[in-house]
Number of protein chains: 2
Amino acid sequence: MSVRQAVRPGGRSLRVQQAVHAAVGELIAEVGRDALTVPQVAQRAGVTSSTIYRRWGDLATLVSDVARRSLRTDCPIRLTGDFATDLAAWAEMYQDEMDSTPGRNMVRDVLRGWDGTTAACALLEAVRPVVETILTAAGPPVGLSADRVIDAVVAPVLMRLIFADAPLPAGLAREAALRVAAVARTNVPPS
Amino acid sequence: MSVRQAVRPGGRSLRVQQAVHAAVGELIAEVGRDALTVPQVAQRAGVTSSTIYRRWGDLATLVSDVARRSLRTDCPIRLTGDFATDLAAWAEMYQDEMDSTPGRNMVRDVLRGWDGTTAACALLEAVRPVVETILTAAGPPVGLSADRVIDAVVAPVLMRLIFADAPLPAGLAREAALRVAAVARTNVPPS
DNA sequence: ATCCTAACGCAAATATATTGCTTTTATCCC
DNA sequence: GGGATAAAAGCAATATATTTGCGTTAGGAT
């Protein structure tokens, strides 16, 4: 039921993994996630169903596995060194990226493969290094940890994406970023 | 695939619903969520599998449906009228309730039944009236909406519950509540 | 009381998931 | 290179779950 990281990282195992991942991507585009089945993926990838079941456990885990790999972890923001500016710019980009059709699909797919007990997924871990980069570039504001920033900026986006009925308000993440930056500034002893 | 609210709210339909819900609760306690199957639930409830498939669509939707009903929506906090005090007290209670085994299971079950497109679920809607009650009892602080409070207090709890590896830090929600209350205070013109 | 039909039961047909055993083939070690 | 080893894949039989057509039951309305 759990994804085994392929003990053998090359050769046939790798080819099978690539073929299966590609098949999932193609078929989701063709028939949609809801009509996707394991036997279908197996046939398209040229493997047997039992291979998929043994390696991934079930369809949700497989799709979740594929979805995770579409996460971008880099920070395509030009850093100015000004904390409020940098964080706001990144926050805006983050919200746009998550609140898109592929972004929402990815969140949905990752959650469907979640087993509920172990660590949820890489969704947050992909975000932390970026936030830390922005923090250190700014040198970093008093009393602000990456955790605090993620709680303030990322959490509302994810929460509303999943649980809220209404679409995300424009500027939600950007304003949260500016707010948390402003609070940090008030904590700085006024020289 | 979607939960049809029983068009007939009484009689046999109601009895079937109650029997099925009870069976789900019992069997989850006995064999665990992961070993639960539709035929098993059907047998325990004294109905046929096709009844369950036709009415709920699949197991995840059924379990999600049951989980939603275990949400408590009332506010068991004695309101003092002081915003910071009341919100902090509720936040602490909320975190404790969500960060328990039944709380985490509920979140997990609700998400597993999520179809990813429509409104996620009642998890947030159950919280909003409570926050609004606290806000109005305090009369309400300048520049603070229920949304803002939920973003600040509830979002980090839910996000970490789902996506974070580490256990919830003690006092996470309480401190977030105090922080948002403090910010609100600074917005009030100093009489 | 009688009609209407949503909801259920039954059972057959289909689809999906699991598993024991065999075969292939990376990888390791000489 | 060449052989030993075991992980990973294939195959096929089996078990389990899901879907579906059709007849039946019983709320709820007239």
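Residue numbers begin at 1 in each chain, while the letters A, B, ... track the order of the sequences. Remember, it's a predicted structure, so these values are computed and weren't measured experimentally.
- One atom, CG of D34(B), and another, P of dT18(C), lie 12 Å apart when rounded to the nearest Å.
- One interatomic measurement links the two molecules: CH2 of W56(A) to C1' of dA9(D), which rounds to 11 Å at whole-angstrom precision.
- For S13(A), the listed nucleotide lying nearest its side chain is dA8(D); candidates were dA8(D), dG9(C), dG10(D).
- In summary, R174(A) and D86(A) do not engage in a salt bridge, as defined by a charged side-chain N under 4.0 Å from a carboxylate O.
- Side-chain atoms of R55(B) lie closest to dC8(C) of the nucleotides dC8(C), dA26(C), dG10(D).
- Between the side chain of T61(A) and the main chain of G57(A), no donor-acceptor pair closer than 3.5 Å is present.
- For D58(A) and dT16(C), the CG to C1' distance is 12 Å, given to the nearest whole Å.
- Within the 3.5 Å criterion, the main-chain N or O of P156(A) finds no donor-acceptor partner in the side chain of D151(B).
- Distance, L14(B) CG to dC8(C) P: 11 Å, rounded to whole Å.
- Residues passing the side-chain contact (heavy atoms from CB on, under 4.5 Å) test with E30(B), sequence neighbours excluded: E26(B), L27(B), R44(B).
- Both S50(B) and R12(B) sit near DNA chain C, but only R12(B) has its closest nucleotide nearer the 5' end.
- R12(B) is linked by a side chain to side chain donor-acceptor pair (under 3.5 Å) to nothing, counting only residues two or more places apart in sequence or in another chain.
- Distance CZ (R54(B)) to C1' (dC10(C)): 10 Å, rounded to an integer number of Å.
- With rounding to whole Å, I52(B) atom CD1 is found 13 Å from dC10(C) atom P.
- Using a 4.0 Å cut-off on heavy atoms, the residues of residues 35-46 of chain A that approach DNA chain C are T37(A), V38(A), P39(A), listed by number.
- Between dG10(D) and T48(A), a contact under 4.0 Å exists linking OP1 or OP2 to a side-chain N or O.
- A donor-acceptor contact under 3.5 angstrom links the side chains of T51(B) and T48(B), judged on distance only.
- Using modelled atom types, one side-chain atom of Q95(B) and one backbone atom of P169(B) make a donor-acceptor pair closer than 3.5 Å.
- A straight line from CZ of R15(B) to P of dA26(D) spans 8 Å, rounded to a whole angstrom.
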